[in-house]
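Counting from 1, the numbers follow the sequence of the chain as shown. Computed from a predicted structure; not experimentally measured.
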Amino acid sequence: MGVLRSTQSMEAEVEEMRAALLLGPGPGAWRSSGGGAAAAKTAAGAEEGAAEPRAVCVTGGISFLGLAVVDRLLRHGYTVRLALETQEDLDKLREMEMFSENGRDGVWTVMANVMDPESLHRAFDGCVGVFHTSSLVDPGGISGYTKHMATLEVKAAEQVVEACVRTESVRKCVFTSSLLACVWRQDSPHHRRFPTTIDESCWSDETFCRDNKLWFALGKTMAEKAAWRAARGRDLKLVTVCPALVTGPGFRRRNSTPSIAYLKGAHAMLAAGLLATADVERVAEAHVRVYEAMSGTAGGRYICYDHVVRRAEEFAELERQLGLRPRATAPPRGDAVPSFELCNRKLARLVSSRRRCTHDAYLPVAYD
């Protein structure tokens with residue numbers, strides 16, 4: 001589903017997307033494989049049931065995070081099949097002129113609806129891995145996300161994992177969740193000397209999210225749980241990445257709707273020490289590193305953030321960047337101990353071990 005935009009906004013967005021993708025190395029051309037199964041198999045260069053070792057599919061590849069993941073995969077030498085949901089998405093790519101001789105090599109497009117298992121199967125066929133980065137957006141909601149969208153998010157997660165299981169070539173899936181699937185809970189620790197750690201073992205309380213109308217958090221929590229249920233006991237290795245609020249150059253224009261949805265309840269997160277951000281390039285790099293480590297011991301969930309917002313002034317600047325009117329809020333007391341402390345040690349250890357044991361050329365990534 002898309003969001004209506006003005007022509008001027010669309011043109012600016014296309015320019016940013018074009019600039020981001022043209023940063024990558026190597027000449028080549030974007031190729032469209034259409035929507036048919038035969039075309040999809042040709043695009044991956046594989047026969048039925050076979051796959052190229054470095055062929056992967058990315059859902060939501062036209063999104064702010066999706067494009068960054070595609071770019072990182074190309075830099076790591078992967079062949080990427082870009083699953084597009086609408087004609088509008090395909091038109092955006094065409095407006096970017098990425099099909100010309102000056103485009104990027106190694107990227108193919110295919111139409112696939114996350115609610116249509118057959119189209120997903122065709123899109124995934126011939127790929128070894130799938131990156132599910134797409135997120136449903138409701139243009140009718142002020143925050144960009146409604147209770148109904150949370151239900152649809154769960155359905156989409158189930159369909160994607162089922163399609164991965166059904167597709168013989170697919171062995172691994174990286175599922176993009178959210179830090180919001182970890183942080184919301186009924187009981188807040190009081191009168192504790194040290195904050196409670198929030199890590200990959202923590203899940204947001206669905207009842208709390210419903211009672212407080214935190215629909216984006218509810219959708220991410222339910223969808224991730226649905227993905228784990230669908231993958232349990234199946235011939236598919238699944239990991240989930242739970243990023244904080246994804247920011248970066250142009251995020252107001254290209255990621256404003258999910259960002260606004262993410263920030264519902266932000267004042268409570270700020271006071272509790274749970275409001276964090278993650279640069280889109282670092283989140284994309286984390287996706288690729290986790291995927292590559294899945295051939296070894298990597299598994300489960302990975303929290304991803306690079307900055308915890310601790311001051312009211314920082315939060316006000318974040319609202320300003322998103323075009324929101326800052327609301328008056330009392331700054332956290334300087335001597336106050338936050339109720340919670342975020343922990344991304346699991347991802348940091350994985351990144352550190354990958355640096356020690358590989359000769360691949362990785363871009364530098366900083367983690368707290």
Side-chain angles (χ1 to χ4, degrees), residues 1 59-60 63 65 114-115 131-138 141 143-162 173-189 196-232 238-246 255 257-270 272-278 283 286-287 290 299-305 339-344 346-347:
M1 299 184 182
T59 69
S63 68
L65 175 59
V114 292
M115 295 301 181
F131 290 78
H132 179 50
T133 69
S134 65
S135 178
L136 300 176
V137 176
D138 181 7
S143 69
Y145 206 94
T146 65
K147 182 179 181 180
H148 177 60
M149 300 310 294
T151 303
L152 293 180
E153 192 95 49
V154 173
K155 184 66 174 177
E158 293 171 341
Q159 298 283 21
V160 168
V161 173
E162 287 294 338
C173 176
V174 178
F175 185 99
T176 307
S177 181
S178 172
L179 181 60
L180 293 182
C182 309
V183 300
W184 290 111
R185 55 189 58 209
Q186 294 277 10
D187 56 325
S188 178
T196 299
T197 298
I198 298 294
D199 59 15
E200 288 80 5
S201 66
C202 301
W203 286 93
S204 287
D205 187 307
E206 294 179 27
T207 300
F208 181 88
C209 291
R210 288 190 182 92
D211 292 345
N212 291 275
K213 297 180 171 55
L214 299 167
W215 306 127
F216 192 71
L218 178 65
K220 293 301 181 184
T221 304
M222 293 172 57
E224 186 184 350
K225 287 183 176 180
W228 283 114
R229 285 194 300 270
R232 187 178 299 130
L238 174 71
V239 298
T240 58
V241 178
C242 302
L245 175 65
V246 180
N255 205 45
T257 304
S259 296
I260 294 170
Y262 187 104
L263 288 176
K264 188 170 184 179
H267 285 93
M269 286 192 285
L270 175 65
L274 295 172
L275 183 60
T277 60
V283 178
H287 276 66
V290 167
R301 311 171 79 200
Y302 290 86
I303 285 178
C304 179
Y305 67 90
S339 302
F340 299 97
E341 181 180 49
L342 293 173
C343 175
N344 64 356
K346 182 180 177 182
L347 180 60

His287 and Phe131: CA distance, side-chain angles, deciding distance, side-chain contact (heavy atoms from CB on, under 4.5 Å) verdict = CA-CA 8 Å; His287 276 66; Phe131 290 78; 4.1 Å; yes
May I have the step-by-step check of side-chain contact (heavy atoms from CB on, under 4.5 Å) for Asp199 and Lys346, ending in yes or no?
-> CA-CA 9 Å; Asp199 59 15; Lys346 182 180 177 182; over 6 Å; no
Please walk me through it: do Glu341 and Cys343 pass side-chain contact (heavy atoms from CB on, under 4.5 Å)?
-> CA-CA 7 Å; Glu341 181 180 49; Cys343 175; over 6 Å; no
Carefully, step by step, assess Met269 and Tyr262 under the rule side-chain contact (heavy atoms from CB on, under 4.5 Å).
-> CA-CA 11 Å; Met269 286 192 285; Tyr262 187 104; 4.2 Å; yes
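Atom SG in Cys242 sits 7.0 Å away from atom CH2 in Trp203 (nearest 0.5 Å). The CZ atom of Arg185 sits 8.5 Å away from the CG atom of Asp205 when rounded to the nearest 0.5 Å. Summarising the geometry, atom CH2 belonging to Trp215 is positioned 13.0 Å from atom NE2 belonging to His148; distances are rounded to the nearest 0.5 Å. Residue Met222 holds its CE atom at 8.0 Å from CZ of Arg229, rounded to the nearest 0.5 Å.
Looking only at distances, a side-chain donor or acceptor of Ser204 sits under 3.5 Å from a matching main-chain atom of Leu180. Under a 3.5 Å cut-off, the side chain of Tyr305 and the backbone N or O of Leu342 do form a donor-acceptor pair. Between the side chain of Glu206 and the main chain of Leu218, no donor-acceptor pair closer than 3.5 Å is present. Checked by atom type and distance alone, the side chain of Thr133 pairs as donor or acceptor with a backbone atom of Thr59 at under 3.5 Å.
Taking the six-membered ring where the residue is Trp, Trp184 and Phe208 present parallel rings, their angle staying beneath 30° rather than reaching 60°.
For Thr197 against Cys202, the heavy-atom pair with the smallest separation is O-SG, 3.9 Å. Contact record, Ala231 with Val161: N-CG1, 3.8 Å, taken as the closest heavy-atom pair. Residues Cys304 and Val241 share a closest heavy-atom pair of CB-CG1, 4.2 Å. The minimum heavy-atom distance linking Cys182 with Ile198 is given by the pair O-CG2, 3.9 Å. Met115 and Lys155 make their closest contact through SD-CG, 3.7 Å (heavy atoms, listed as atom of the first residue, atom of the second, distance). Minimum interatomic distance between Glu153 and Gly219 (heavy atoms only, all atoms of both residues): CG-O, 3.8 Å.
A heavy-atom distance below 4.5 Å is not found between the side chains of Ile303 and Leu347. Counting heavy atoms from C-beta on, the side chains of Leu263 and Leu275 come closer than 4.5 Å.
In this structure, Arg301 is not positioned above the aromatic face of Trp228 in the sense of NZ or CZ being under 6.0 Å from the six-membered ring centre and within 45° of the axis.
Ion pairing between Glu224 and Lys220 fails under the 4.0 Å rule for side-chain N and carboxylate O.
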